[in-house]
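Here is the structure we will look at, set down as structure tokens.
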Amino acid sequence: MLILSVIQGPDAGRKFELPGNEPQLIGRSSEALPISDNTVSRRHAELTPDDGLWWIRDIQSQNGTYINGTRITERTRLHAGDQIRVGASVFVFGHNAQNSPVRVLGPADLSADVEYRIQSNEDSMILAEPEPRAAAVDHLRVIYRLTTLTTQVATKAELLRQVLELVFTEFKPERGVIMEAAGENPEDLEPAVVKYRSPPKDEEDREIKVSRTILTAAVTQGEGVLSSNAMNDPRFASGDSVQRYNIRSAICSPIRFRERTFGAIYIDSSMANYTFTREQLALMNAIGQHTGLAMANAEHTKRQLHAERLAAMGETVAGLSHSIKNILQGLRGGADVVEMGLKKDDLKISRGGWDILKRNLDRIVSLTLNMLAFSRQRQVELELMRLGPLVEEAAELLESRCEDKNIAMLVDTDPEMPPISIDPNLIHQAIMNLLGNAIEAVEPDSGVVTTRVLFHEASPRNPTPYAEITVMDNGPGIPNAKLAWIFEPFNTTKGIRGTGLGLAVTKRIIQEHRGRIIVETAEGKGAAFRVLLPADLDNLFDPSATAENRLTASDLIEGL
């Protein structure tokens, strides 16, 4: 059975078996292979078996489907070892992930004449070439493009892919590969990105044969190497086997920063009477140095983020410990009262203790749900849903708390409101948090909590239709000094009764729906939380869109 192995992306290391008679869908929909890459479209690409062969086609995805670095526009046959890139994920098609299109051959199998070597170091990044002037200007243009690229790309996989794209644009090779160090030994390399200028004609044409001689010079000696295949080697004088290697000229430069080698960039060309030049080798060394600097910076940033996350975890644990301690004290107090009532055989005393237990159990449930929502990044699973019944259900669940305080809960929904695309579980949790906060804020016997749901049609001012959920209370309001941090985690205005996670989670949920939450309050005059949700979210928002094309909340709902 063939296997689709994930070698890059959020699911790196996972393997998916491909039954010989069942098409397989790559995407985020429920019937697709279960991957967690949110840069992949819902229905991104389809793999189809046909008489023992496998084919792949792109299903009009946002970011396209690439085979060995080339974007496909029609149904394409897959060969063992092909790399499939969708979004930020790279798959290898074959029996195992080791079935790579790159083969590193020793001198006995592939003879290479090293024509020129240039030491790759920090000087490679300067490219001081007084003559010819045009070449120096052209080199600086490439370095400027590379610098811009390295400051904008977020992931290592995307960085290497775009670097190889740039190399193909400037050097115009036939084939190229970026080899990445797989461990501490710099000679232990694996292909990270493979690209062909034209789709390979057959298995022999698809295989990229790399001379171990020049690869070793690049990764262990830090040298960029300009080489040509030994076309006139006497071992090939009587046969045509060298023609199958199809290599006339090759460049291999290390990807390194200071003493650290991250891998190597290799390109070759079999164009007749064409060889790469020394100037191109110098330029490739500079590209390798800039790429190494970007990868070193990425590693440094990753370590810094890890340290910051550890610090945040410490603050989180401290905040949660305080909240949990308060809840445990309430549970113990309630249990003591229940025990006292049981000992005295007094049901009235036990009921009083049970009320304390129940309140604190509700706090545990609320805290647990908010902790899960706050700590776990999850994809928004959109469904067409009417907001009215969802709000009414949340209000019904909180009726007992309203009865305990003897307050009024009013729900005003538009019965003609059309369904909109939301994640019902997440929006339900956000509504529960807002209603719970409003109930806590109002005074017993005189408090009123009102929830209103409206639908706003598209207008010249707001071209996107949107739904509005407003939760209002007649409590004391929120002081101006506290407005700046009410959405920050572990900051609460409720004292020991709050955890400080409810509003932080609510804001995240609304933002994940590309919406907005607005607070309107005045001391002594209550508070109103307005939630604005785009009504056509399913069409306007695709998590697979790039940062340049992704719409923000302010794009969707303007002027409010």
Side-chain angles (χ1 to χ4, degrees), residues 25-46 59-63 87 369 372-373 376-398 411-435 451-459 462-471 505-518 529-545 549-558 560:
L25 182 67
I26 298 177
R28 293 182 293 104
S29 64
S30 57
E31 67 268 23
L33 297 175
I35 60 175
S36 57
D37 186 353
N38 61 5
T39 64
V40 174
S41 298
R42 291 182 175 278
R43 296 177 59 84
H44 198 111
E46 184 181 46
I59 314 178
Q60 298 181 342
S61 63
Q62 180 76 24
N63 293 330
L369 291 175
L372 289 173
R376 181 180 63 185
Q377 291 286 351
R378 55 162 288 180
Q379 296 180 8
V380 176
E381 299 178 359
L382 299 178
E383 297 180 22
L384 275 177
M385 180 73 61
R386 293 185 183 275
L387 282 176
L390 198 66
V391 172
E392 291 169 356
E393 178 186 344
E396 289 176 4
L397 291 174
L398 295 172
V411 178
D412 180 16
T413 63
D414 181 1
E416 303 298 326
M417 178 178 174
I420 66 172
S421 294
I422 58 171
D423 186 319
N425 293 325
L426 291 180
I427 294 298
H428 183 271
Q429 184 174 355
I431 295 170
M432 289 289 290
N433 285 339
L434 293 176
L435 289 176
T451 307
R452 184 177 61 211
V453 182
L454 300 174
F455 182 79
H456 299 270
E457 297 283 355
S459 66
N462 294 292
T464 300
Y466 65 95
E468 177 181 349
I469 306 171
T470 303
V471 177
V505 168
T506 299
K507 183 176 181 180
R508 173 180 289 185
I509 290 172
I510 302 308
Q511 288 178 336
E512 287 174 347
H513 282 73
R514 296 296 181 263
R516 297 174 60 193
I517 182 168
I518 302 170
F529 287 80
R530 296 174 61 207
V531 174
L532 311 178
L533 297 173
D536 52 355
L537 186 61
D538 200 26
N539 293 327
L540 292 175
F541 168 59
D542 185 349
S544 67
N549 296 327
R550 184 170 294 170
L551 294 172
T552 63
S554 59
D555 295 326
L556 297 174
I557 306 172
E558 298 179 351
L560 297 176

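Values in this document were obtained by computation on a predicted structure and should not be read as measured data.
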Quiz item: Are the side chain of His513 and the backbone N or O of Asp423 linked by a donor-acceptor pair below 3.5 Å?
Solution: yes

Quiz item: Where do Ile26 and Ala32 come nearest, in terms of heavy atoms and distance?
Solution: C-CB, 4.2 Å

Quiz item: Rounded to the nearest 0.5 Å, how far does CG of Leu426 lie from CD of Glu512?
Solution: 6.0 Å

Quiz item: Take atom CD in Glu31; do more than 12 heavy atoms of anything else shown fall under 6.0 Å from it?
Solution: yes

Quiz item: Taking the side chain from Thr451 and the backbone from Val471, do they hold a donor-acceptor pair closer than 3.5 Å?
Solution: no

Exercise. Could you tell me the separation between the CD atom of Glu392 and the CD1 atom of Ile431, rounded to the nearest 0.5 Å?
Key: 10.5 Å

Quiz item: Atom CE in Met432, atom CG in Leu390: separation rounded to 0.5 Å?
Solution: 10.5 Å

Self-check item: Interatomic spacing from NE2 in His456 to CG in Leu533 - rounded to 0.5 Å
Solution: 11.0 Å

Quiz item: So, for Asp37 and Gly87, which heavy atoms are closest and what is the spacing to 0.1 Å?
Solution: OD2-C, 4.0 Å

Quiz item: Which heavy-atom pair separates Ala430 from Ile510 by the least distance, and what is that distance?
Solution: CB-CD1, 4.5 Å

Quiz item: Of the non-hydrogen atoms in Ile517 and Lys507, which two are nearest, and what is the gap between them?
Solution: CG2-CG, 4.1 Å

Practice problem: To the nearest 0.5 Å, tell me how far Ile422 CD1 sits from Glu383 CD. | Solution: 8.5 Å

Quiz prompt | Rounded distance [0.5 Å steps], CG in Leu435 versus CZ in Phe529 | solution = 11.5 Å

Quiz item: Are the side chains of Met417 and Leu387 in touch, meaning some heavy atoms are under 4.5 Å apart?
Solution: yes

Exercise. Applying side chain to side chain contact (heavy atoms under 4.5 Å, CB included), run through Thr470 and Val531 and close with a yes or a no.
Key: CA-CA 6 Å; Thr470 303; Val531 174; over 6 Å; no

Quiz item: Which heavy atom in Leu384 sits nearest to a heavy atom in Ser421, and how many Å separate them?
Solution: CD2-OG, 3.8 Å

Exercise. Decide yes or no for His44 and Ile59: does some side-chain heavy atom of the first lie under 4.5 Å from some side-chain heavy atom of the second?
Key: no

Quiz item: Asn38 versus Val40: any side-chain heavy-atom pair under 4.5 Å?
Solution: no

Exercise. Any chance you could lay out the side chain to side chain contact (heavy atoms under 4.5 Å, CB included) test for Ile518 and Arg516, step after step, and finish with the verdict?
Key: CA-CA 7 Å; Ile518 302 170; Arg516 297 174 60 193; 4.1 Å; yes

Exercise. State whether the side chain of Arg28 and the backbone N or O of Ser36 hold a donor-acceptor pair below 3.5 Å, judged by distance alone.
Key: no

Exercise. Given side chain to side chain contact (heavy atoms under 4.5 Å, CB included), test Arg42 with Leu382 step by step and report yes or no.
Key: CA-CA 11 Å; Arg42 291 182 175 278; Leu382 299 178; 4.0 Å; yes

Self-check item: For Ala535 against Phe455, the heavy-atom pair lying closest together
Solution: CB-CE1, 3.6 Å

Exercise. Would you mind reporting whether Leu434 and Thr506 have side-chain heavy atoms less than 4.5 Å apart?
Key: yes

